[in-house]
There are 2 protein chains.
Amino acid sequence: MSYCLILLAHGSPDPNWQAPFQRLADALAARLRTPLRLAYMELCEPSLETTVAELAARGTTRAEILPLFFAAGRHLRKDVPGQVAALAAAHPGIDLTLLPPVGEHPAFVEALAAVIAEQAGETPRE
Amino acid sequence: MSYCLILLAHGSPDPNWQAPFQRLADALAARLRTPLRLAYMELCEPSLETTVAELAARGTTRAEILPLFFAAGRHLRKDVPGQVAALAAAHPGIDLTLLPPVGEHPAFVEALAAVIAEQAGETPRE
C-alpha cells in the first residue's frame with residue numbers, strides 16, 4: 001500500500017500568494033519521510049483533480065487531504081467534499097480521506113500561540 | 001504607552017467559520033500577557049474599524065496587526081493596507097503597524113511542519 005499526504009491550499013492566480021505554500025511544502029519535504037504533494041482547490045495548478053489523477057496513475061492506494069485553512073467555511077463544508085467524492089468515484093483504486101483543516105488541530109493552535117508569543121516578545125505561560 | 005496586538009482574520013458570516021479563530025484568540029489570551037484582540041477584515045464583527053476605534057477610545061497608543069492568513073494575496077497587498085491607512089488618518093493617536101501574515105513567518109512554517117509531522121505519525125527530521 002502506498003500513501004500520500006496532500007496539502008490542500010485555497011489557490012490564487014497570484015504567484016506571490018502561492019510562494020509561502022510552496023515554501024511550506026518544500027520545508028516539509030525536507031523534514032518528513034511521508035510522501036506529500038501540494039495541491040490547490042481552485043484558481044491555480046496543480047489542482048486537487050490533477051494531483052489525485054497523478055497519484056492514482058502512480059499506484060498510490062491511500063491519500064489523506066489536509067486543508068491548509070484556518071477554519072472550515074463553505075469551501076470545506078461543501079465544495080471540497082464534493083470534489084473529493086467525485087475524485088473517489090473517478091479513481092476507485094485510491095482511498096481518499098478529507099481531514100479537518102489544520103487550523104482546527106489543537107497542536108496548531110498551540111504552535112500558533114508560540115509563534116505569536118515570540119512575535120510579541122514573550123514566551124508563553126505554562 | 002499602551003500596546004495591543006490585533007489578530008486579523010478574513011471574516012465570514014458563518015459562525016462555524018469564526019469558531020476556530022475565537023478558540024485561537026481564547027487560547028492566546030490565556031497564555032500571553034500582551035493585550036490582544038481578534039478582528040475581522042470583512043463580513044463579520046468585530047471589524048478592524050470597530051476594534052481600532054475602541055482601542056483608540058481606550059487610549060491605546062500602539063497596535064500591531066497580525067494577519068491570520070497563510071499568504072499575502074490581494075487582500076493583504078491592497079485592501080488591508082488601505083483600511084489601515086484610513087484608520088491611521090481617522091485615529092492619529094494610535095500608531096498602527098501592519099505585520100506580514102503569520103504564514104510568512106519562518107517560525108510558523110516550522111511549527112506547521114511539526115503539526116503535520118505529528119499528523120503523519122512522524123517526528124520531524126532534525
Side-chain angles (χ1 to χ4, degrees), chain A residues 3 5 7 9-14 16-36 64 66 68-77 99-126, chain B residues 3 5 7 9-14 16-36 64 66 68-77 99-126:
Chain A
Y3 170 82
L5 179 65
L7 305 176
H10 183 287
S12 163
D14 180 348
N16 289 320
W17 187 91
Q18 295 170 32
F21 292 99
Q22 191 57 56
R23 282 200 293 275
L24 173 65
D26 292 347
L28 280 164
R31 279 165 186 73
L32 301 181
R33 287 173 298 274
T34 303
L36 63 87
E64 289 182 308
L66 178 64
L68 299 177
F69 286 63
F70 282 95
R74 182 178 50 81
H75 286 318
L76 293 184
R77 293 187 197 287
L99 301 172
V102 72
E104 293 184 359
H105 287 256
F108 178 83
V109 171
E110 294 300 319
L112 188 51
V115 169
I116 293 172
E118 188 189 324
Q119 175 85 36
E122 287 189 30
T123 50
R125 286 182 198 157
E126 290 305 319
Chain B
Y3 169 84
L5 178 65
L7 306 176
H10 183 286
S12 163
D14 180 349
N16 289 320
W17 186 91
Q18 295 169 32
F21 292 100
Q22 191 57 57
R23 281 200 293 274
L24 173 63
D26 293 345
L28 279 164
R31 279 165 186 71
L32 301 181
R33 287 175 298 275
T34 304
L36 63 86
E64 290 181 308
L66 178 63
L68 299 178
F69 286 64
F70 282 96
R74 181 179 50 81
H75 286 318
L76 292 184
R77 293 186 196 288
L99 301 172
V102 71
E104 293 184 358
H105 286 256
F108 178 84
V109 172
E110 295 300 319
L112 187 51
V115 170
I116 293 172
E118 189 189 324
Q119 176 85 37
E122 288 190 29
T123 51
R125 288 182 197 157
E126 290 304 320

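Every value quoted in this text rests on a predicted model; they were computed, and no experiment measured them.
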A.B. asks: So which heavy atom on A:Ser12 is nearest to which on A:Gln18, and how close?
C.D. replies: O-NE2, 2.9 Å
A.B. asks: Give, as side chain, backbone, both or neither, the part of A:Val109 having an atom under 4.5 angstrom from any heavy atom of chain B.
C.D. replies: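 Both parts, backbone and side chain.
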A.B. asks: Check whether A:Glu104 reaches the backbone of B:Pro20 with its side chain - one donor and one acceptor, N or O, closer than 3.5 Å.
C.D. replies: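 Between the backbone of B:Pro20 and the side chain of A:Glu104 there is no qualifying donor-acceptor contact (under 3.5 Å).
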A.B. asks: Non-hydrogen atoms of chain B under 4.5 Å away: do they reach the side chain of A:Phe69, the backbone, both or neither?
C.D. replies: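 Looking at A:Phe69, just its backbone touches chain B.
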A.B. asks: Can you label the angle between the B:Phe70 ring and the B:Phe108 ring as parallel, tilted or perpendicular, going by 30° and 60°?
C.D. replies: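 Perpendicular.
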A.B. asks: Of all of A:Arg77, A:Arg23, A:Arg74, which one pairs up most often with chain B through heavy atoms under 4.5 Å apart?
C.D. replies: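 That would be A:Arg77.
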A.B. asks: Using non-hydrogen atoms and a 4.5 Å limit, figure out which bit of B:Ala72 sits close to chain A: side chain, backbone, both or neither.
C.D. replies: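 Contact with chain A: backbone only.
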A.B. asks: Below 4.5 Å, heavy-atom pairs only: which of A:Leu5, A:Val102, A:Leu7 has the largest tally toward chain B?
C.D. replies: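 Top option by heavy-atom pairs under 4.5 Å: A:Val102.
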A.B. asks: Checking A:Ala111 now: which residues fulfil side-chain contact (heavy atoms from CB on, under 4.5 Å) with it, not counting sequence neighbours?
C.D. replies: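 So A:Ala111 forms a side-chain contact (heavy atoms from CB on, under 4.5 Å) with B:Ala111, B:Val115.
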A.B. asks: Can you tell me which portion of A:Leu24 sits under 4.5 Å from chain B's heavy atoms? Options are side chain, backbone, both or neither.
C.D. replies: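 Interface part for A:Leu24: both.
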A.B. asks: Is chain B contacted by the side chain of A:Asp14, its backbone, both, or neither, given a heavy-atom distance below 4.5 Å?
C.D. replies: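 Side chain of A:Asp14 only, per the 4.5 Å heavy-atom cut-off to chain B.
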A.B. asks: Give, as side chain, backbone, both or neither, the part of A:Glu110 having an atom under 4.5 angstrom from any heavy atom of chain B.
C.D. replies: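 Only the side chain of A:Glu110 comes within 4.5 Å of chain B.
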A.B. asks: Rounded at 0.5 Å granularity, tell me how far NE2 in B:His10 sits from CH2 in B:Trp17.
C.D. replies: 7.0 Å
A.B. asks: Work out which heavy atom in A:Pro100 is nearest to a heavy atom in A:His105; give both atom names and the distance.
C.D. replies: O-NE2, 3.6 Å
A.B. asks: Given that the side chain runs from C-beta out, which part of B:Leu76 has a heavy atom under 4.5 Å from chain A: side chain, backbone, both or neither?
C.D. replies: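 The answer is neither part of B:Leu76.
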A.B. asks: Please classify the contact between A:Leu36 and chain B as side chain, backbone, both or neither, with a heavy-atom cut-off of under 4.5 Å.
C.D. replies: neither
A.B. asks: If you compare all heavy atoms of A:Glu64 against all heavy atoms of A:Tyr3, which two are closest, and at what distance to 0.1 Å?
C.D. replies: OE1-OH, 2.5 Å
